[in-house]
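What follows is a short report on a single structure.
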Amino acid sequence: MSESESFFGDPDPIFADKELLRVSHLPEGDRIIGRDQELQKLANAIKDAQRGGTPNNVLIYGKTGTGKSLCSKYITRDLTQAAADNGIKVGVAYVDCFQESTETQTVRTIAQALNDPVQTDITVPHTGVSTSDYYRRLWDILDARLDVGLVILDEIDKLEDDNVLMQLSRAAEAGKVTESTLGVIGISNKIRYKDSLNERVKSSLSERDFVFPPYDANQLREILRSRADAFREGILDEDLIPKVAALAAKEHGDARKAIDILRYAGEIADEHGDDTVRVEYVDEAHDREEQARLSELIAKQPEHSKYLLQALSLQVQEAHDDNSAIPTKDVYSMYELVCERNGVDPLKMRRVRDLLSELAFLSLIEQERKGRGKGKGAHTVNQLVDEPEVVVEACKSA
DNA sequence: TCTCCACTGGAATCCAAGGCGG
DNA sequence: CCGCCTTGGATTCCAGTGGAGA
């Protein structure tokens, strides 16, 4: 790559089209690997929509990185086009229930995604109106500009209550919408999710359910090869893709992880000024991937949760024992210091306990209740799941 | 086995931000 | 513009818990 000197610097020596290595990159149909059956089943479930009929509601299960979101997005996009050829207007709303976990937020997001203010003359404000108002606007939007609305609820198990599912799945029969119809695609990591639903929602929501199995090493290898165009010709070490695929297959067959590791390996080669992406970079790339995933999760947390994580990390470091469990009270006093250092007012104890149990729910920390003996009552101790140094680093970058 | 009491966690309440109808 | 309503985060209040020490 040294022959093309330019005032604007050399072209990227490693990547030809890095976009291909973004996880959100939606490949063309022939490039979704090893999911032909699943795509066909999904298509069958919702195919009525392309003639304006009501699609079946679907629940999809599978571990992270098994292509659930990808296939849902792909198939709904395909359906929207096929329907448009029949003169049927299909709208797709994608909701990440991790981010929009309350009923109000979910309805609002759906309404915003399906709305076109110019066409419907309906506004969907960010705050200030009641939940039922959001519902009413959503129904109006559906009737006004669509024949079929498809709602993808990703990480559906993170929803706080299932009222929204009830409303969505029964919208048509309850006469909320008359000119249009509605289908729901729910995506869950937890295979037992269905058991937590009440009977009515369960029967209407999971008319069909599918399980996406983890990718095996062969499929992962193929997936990685299909994205190898992201790199310049011939710079990948021969054993690189098989090694990354084997690593990811061992860890739950997560394709997203595999792609991320491949990208990091490329970046490491770039930093070393190396013109080959060597197989030796894989371990470091793996570390980076784990750190990045943690940072991403921590970055999504509220400000004070980050301070709490920092406080807990500091105490664990002070204790010189990565597995030491810190009582909530001690975490709180350290947290007050962290807040002071950052120039913010600390939250009260009660609120902090809520945030801590939320962090425990996300498996960023572990909590255990302990007794303390006479006159001491019960209390909770908190433990970091990850290395304190890593957590502190993640909090800083977030 | 009983008791003690700090900590837990549910519930009520407050507050800020923001839309809506009059 | 004003009063009223909604949501969601934070605070306040308080009854209940639970396990080591007696």
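A, B, ... follow the sequence lines: proteins, then strands. Residue 1 opens every chain. Hydrogens, waters and symmetry mates play no part in the numbers below; they use all other heavy atoms, side chains included.
Here the nucleotide nearest the side chain of A:Leu347, chosen from B:dG19, C:dG8, C:dT11, is C:dT11. Nearest to the side-chain atoms of A:Thr127 among the listed nucleotides B:dG18, B:dG19, C:dA10 stands B:dG18. When distances are taken from the side chain of A:Thr104 to each of C:dA10, B:dC20, C:dG8, the shortest belongs to C:dG8.
Judged purely by distance below 3.5 Å, without hydrogens or angles, the side chains of A:Asn115 and A:Thr120 pair a donor atom with an acceptor atom.
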Q.
Working note: A:Arg263 + A:Asp260, criterion salt bridge (Lys or Arg N to Asp or Glu O under 4.0 Å); need CA distance, chi angles, decisive distance, verdict.
A. CA-CA 5 Å; A:Arg263 190 183 67 244; A:Asp260 280 342; 3.1 Å; yes
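Residue A:Thr328 is in sugar-phosphate contact alone, with no base atom involved, counting any heavy-atom pair closer than 4.0 Å across all strands shown. Nucleic acid contact for A:Arg108: none, since no nucleic acid atom lies under 4.0 Å from a heavy atom of the residue.
At whole-Å resolution of the value, CG in A:Asp354 and C1' in B:dG9 are 8 Å apart. At whole-Å resolution of the value, CG in A:Asp133 and P in B:dG18 are 17 Å apart. Rounded to whole Å, the distance from CZ on A:Arg137 to C1' on B:dG19 is 8 Å. Between A:Met349 atom CE and B:dC7 atom C1' the separation is 8 Å, expressed in whole Å. At whole-Å resolution of the value, OH in A:Tyr135 and P in C:dT7 are 11 Å apart. Taking atom CD on A:Glu303 and atom P on C:dG9, their separation rounds to 14 Å, with Å as the unit. The distance between atom CZ of A:Arg136 and atom C1' of B:dG19, rounded to the nearest whole Å, is 13 Å. Counting to the nearest Å, the P atom of B:dA6 and the OH atom of A:Tyr332 are 18 Å from each other.
Put simply, A:Lys329 has no side-chain N or O that comes within less than 4.0 Å of OP1 or OP2 on B:dA6. Contact annotation: A:Thr131 reaches the phosphate of C:dT7 (side-chain N/O to OP1 or OP2, under 4.0 Å). Listed pair A:Ser130 / C:dT7 fails the phosphate criterion, with no side-chain N or O lying under 4.0 Å from OP1 or OP2. Distances shorter than 4.0 Å separate none of the side-chain N or O atoms of A:Arg353 from OP1 or OP2 on B:dA6.
Classified by interplanar angle (parallel below 30°, tilted 30° to 60°, perpendicular above 60°), the ring pair A:Tyr135/A:Trp139 is parallel. Below 30°, between 30° and 60°, or above 60°: for A:His272 and A:Tyr281 the angle between ring planes is above 60°, a perpendicular geometry.
The base of C:dG9 is not paired with the side chain of A:Arg350 by any donor and acceptor separated by under 3.5 Å.
Checked against the 6.0 Å centroid criterion, the rings of A:Phe231 and A:Phe15 qualify as a close aromatic pair.
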